[in-house]
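Please read these numbers as outputs of a predicted model, since none were measured by experiment.
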Number of protein chains: 2
Amino acid sequence: MPRVSKISKSPPAAVEDILNRLGRNIRTARLRRKLSMEELAERVGISRYVLADIEKGKPTTAIAAYLGTLWALGLLWNMREVADPDRDQEGKILERARSPKTAPKRKTINDDF
Amino acid sequence: MPRVSKISKSPPAAVEDILNRLGRNIRTARLRRKLSMEELAERVGISRYVLADIEKGKPTTAIAAYLGTLWALGLLWNMREVADPDRDQEGKILERARSPKTAPKRKTINDDF
DNA sequence: AAGATATGTTCATTTAAATAAACATAAAAG
DNA sequence: CTTTTATGTTTATTTAAATGAACATATCTT
């Protein structure tokens, strides 16, 4: 992605860490399944070069390429709980701390999207 | 990413699902923390437009932008176990079973013990 | 040894990701 | 009501992500 964001050019150590770990884990899962990079890449719908980037933990690669690879390996379910509001204790506390005071007037309840 | 991969142009439903969920979860976490998109985007090191894309679950956005956002929200730890080899039961079994699979095709006889 | 297979590396080409500015709209805050 | 803040939308510009081909290297198989 052109005009590369700072976060992609030089990610915080924690992000780089997660990316390297993810790449390593994907490679391990692929080898266990005895798939070549070409074979897996084809199943995912990317080129072998992008899969190589993923296994190296490249920050600028599209998230769909990463998730698609997890999906092709049967490991996508690992992502279901990421940032789950129910597990976001910090956020829950902050939300509750917001004093609703008297009566919360609401005309229409939801406002998603 | 130019020459957009098939996986990014039209991801499998499971991938699209995870992306939408992730975007919604990030939005929820941001609002709970009372951060504006501009404020959070600046902390992450991306433009507000990219953060908007993330909250919409855009497939072609760089993974570092997603992970950086989780990081800025204190939610990156959720990613640590993704594709963890220790939790990859399928992979562990395959490795132990040592299945031949799509390796080099044998010409005539094959009778590994 | 040869032959096949897997991955790495370089190069050129395509094209859309990311940015910024400007303006619109919609809520909050005053 | 008026002002401010948050987010959405449009447009133009920049530039590197993704691709494929070709070649290199390494490993594995006869």
Can you measure [X] atom [atom1] to [N] atom [atom2] for me and round it to whole angstrom units?
{"X": "Lys9(A)", "N": "dA17(D)", "atom1": "NZ", "atom2": "C1'", "answer": "15 Å"}
{"X": "Arg27(A)", "N": "dA6(C)", "atom1": "CZ", "atom2": "C1'", "answer": "10 Å"}
{"X": "Arg3(A)", "N": "dT15(C)", "atom1": "CZ", "atom2": "C1'", "answer": "16 Å"}
{"X": "Ile46(A)", "N": "dT7(C)", "atom1": "CD1", "atom2": "P", "answer": "13 Å"}
{"X": "Glu39(B)", "N": "dT5(D)", "atom1": "CD", "atom2": "C1'", "answer": "13 Å"}
{"X": "Glu42(B)", "N": "dA20(C)", "atom1": "CD", "atom2": "C1'", "answer": "15 Å"}
{"X": "Ile63(A)", "N": "dA18(C)", "atom1": "CD1", "atom2": "C1'", "answer": "16 Å"}
{"X": "Glu55(A)", "N": "dT9(C)", "atom1": "CD", "atom2": "P", "answer": "13 Å"}

Side chains of [X] and [Y]: closer than 4.5 Å at any heavy-atom pair?
{"X": "Arg43(B)", "Y": "Leu35(B)", "result": "yes"}
{"X": "Arg32(B)", "Y": "Leu73(B)", "result": "no"}
{"X": "Ser5(B)", "Y": "Thr60(B)", "result": "no"}

### Query
Got a second to check how far Leu70(A)'s CG is from Tyr66(A)'s OH, nearest 0.5 Å?
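It is 10.0 Å, given to the nearest 0.5 Å.
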
### Query
To the nearest 0.5 Å, how far apart are CZ in Arg87(A) and NZ in Lys92(A)?
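Answer for the CZ-NZ pair, Arg87(A) versus Lys92(A), is 10.0 Å.
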
Heavy-atom closest contact ([X] atom, [Y] atom, distance):
{"X": "Ile46(A)", "Y": "Ala65(A)", "answer": "CG2-CB, 4.3 Å"}
{"X": "Pro59(B)", "Y": "Ile63(A)", "answer": "O-CG2, 3.4 Å"}
{"X": "Asn25(A)", "Y": "Ala83(B)", "answer": "CB-O, 3.1 Å"}
{"X": "Leu75(A)", "Y": "Asp88(B)", "answer": "CD2-OD1, 3.8 Å"}

### Message
So for the helix from dA1(C)-dT30(D) to dG30(C)-dC1(D), with five pairs setting each end axis, what is the inter-axis angle to 10°?
### Response
50°

### Proximity to the side chain of Thr61(A) - top-ranked nucleotide from dA16(C), dG8(D), dA18(D)
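Nearest listed nucleotide: dA18(D).
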
Are there any protein N/O atoms within less than 3.5 Å of an N/O atom in nucleotides 22-26 of chain C, and if so, which ones and at what distance?
residue, atom, partner, partner atom, Å
dA22(C), N6, Arg48(B), NH2, 3.3

So, is [X] near the phosphate of [N], with a side-chain N or O under 4.0 Å from OP1 or OP2?
{"X": "Ser8(A)", "N": "dA18(C)", "value": "no"}
{"X": "Ser36(B)", "N": "dT5(D)", "value": "no"}
{"X": "Ser5(A)", "N": "dA17(C)", "value": "no"}
{"X": "Arg30(B)", "N": "dA6(D)", "value": "no"}
{"X": "Thr60(B)", "N": "dA17(C)", "value": "yes"}

### CD/Glu42(A): more than 12 non-hydrogen atoms of other groups inside 6.0 Å
no

### Summary
Assert: residue with more 5' nearest nucleotide on DNA chain C, out of Leu31(A) and Lys58(B), is Leu31(A)

